[in-house]
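Computed over heavy atoms, backbone and side chain alike; hydrogens, waters and symmetry mates excluded.
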Amino acid sequence: MSVKLENENIIVKISEMGAELTSVKRRDSGMEYMWIADPNFWGRHAPNLFPIVGRLKGDRYKYRDKTYFMTQHGFARDNEFDLVEKTSTMARLRLVDTEETQSIYPFHFQFDIIFRLTDQDMLGITYVVTNTDTHDIYFSVGGHPGFRVPLEAGDKFTDYYVNVDPKRKYARSKLVGPYLDNNLDTTFNSDIPLRLRYDDYKDDAIILRLDGNPVSIILAKLRESHGITMHVQDAKYLGIWTPYGKDAPFVCLEPWWGIADTVDADGLINHKYAINSLAPAQTFTGSYSLSFF
């Protein structure tokens, strides 16, 4: 089932499966901003990542002497959320633990995703994780929204740039295969706009370490007519990704509160690099917003 939000200029659609943002369209031009989930390239629009981001070593982890198996990016994206609150411009969707999730993630939790469309055509996305267990829970969470590139007929993928503000040198994290190797950190200089080139993604995503600092990311042509601005409030990382070798007409801008296992991870979830821990009855909140022009 699809949930619709709208104002005078924008129509937003969200699937209850995975609470996935599937469409953002302008009323006047009919322009669609979100990737269309063509399975020939990548069959998703904007999956929500929980309770892990990226890959676990061997797709497994240990907790209290027991081994659990979980695939890349966790299970939330493939589970039906309940719509618990709705207005014309706001929707709150919820996932809670079940016997099925307990078999791979032995924690009680409540995971809410709140979408809020403003009069200024900004779509806010807020992640709210609540510990409903009697002991600490461990998790990562993140967004993986894909955007059509190019947005306009006649344009090319390489006509578009990613601009990151504030302008400075960011630590850039590197993956070896699907795993993080902190010994390979380099720098990313955002004084220079990042031109979209497929070869830059041969080794997977470009990953910037944000360390909880707010950033803004603009995806557009240098002389932009249409594009997307993402405001990230307090994420640990930002991933920029398109699948290598497919010449795919989209790019993802991904705020993460967590990251893949390190190459030397010991497999214990409470030792996992960049993991979040939450005490009983406590709540974690992370958010980002999207503006469309």
*Tracing side-chain links under 4.5 Å among I, L, V, M, F, W and Y, which residues wind up in one group with Val128?*
Met90, Ile114
*Considering residues at least two apart in sequence or located in another chain, which fulfil the side-chain contact (heavy atoms from CB on, under 4.5 Å) criterion with Arg26?*
Asn9, Ile10, Asp28, Ser29, Tyr33, Asp121
*Taking only residues two or more places apart in sequence, or in another chain, which ones meet Tyr161 in a ring-ring contact (aromatic ring centres under 6.0 Å, His included)?*
none
*How far apart are the closest heavy atoms of Ala235 and Leu210, and which atoms are they?*
O-CB, 3.4 Å
_Salt bridge flag under 4.0 Å for residues Asp185 and Arg209_ = yes
*Who passes side-chain contact (heavy atoms from CB on, under 4.5 Å) against Ser88, sequence neighbours left out?*
none
*Fellow cluster residues of Ile192, listed by chain then number, with links counted only when side-chain atoms sit under 4.5 Å apart*: none
*Counterpart residues, side-chain contact (heavy atoms from CB on, under 4.5 Å), relative to Ser103 (two or more places apart)*: none
*Grab the two heavy atoms, one from Tyr244 and one from Tyr201, that are nearest each other, plus how far apart they are.*
CB-O, 3.3 Å
_Hydrogens and angles aside, do Asn213 and Asp211 bring a side-chain donor and acceptor to less than 3.5 Å of each other?_
no
*Modelled atom types, side-chain donor and acceptor of Lys236 and Asn276, under 3.5 Å*: yes
_Parallel, tilted or perpendicular, as decided by the 30° and 60° cut-offs, for the rings of Trp257 and Tyr127_ = perpendicular
*Run through Asn131, Asp97, Thr132 and flag the one making a side-chain hydrogen bond (donor to acceptor under 3.5 Å, both in side chains) with His108.*
Asp97
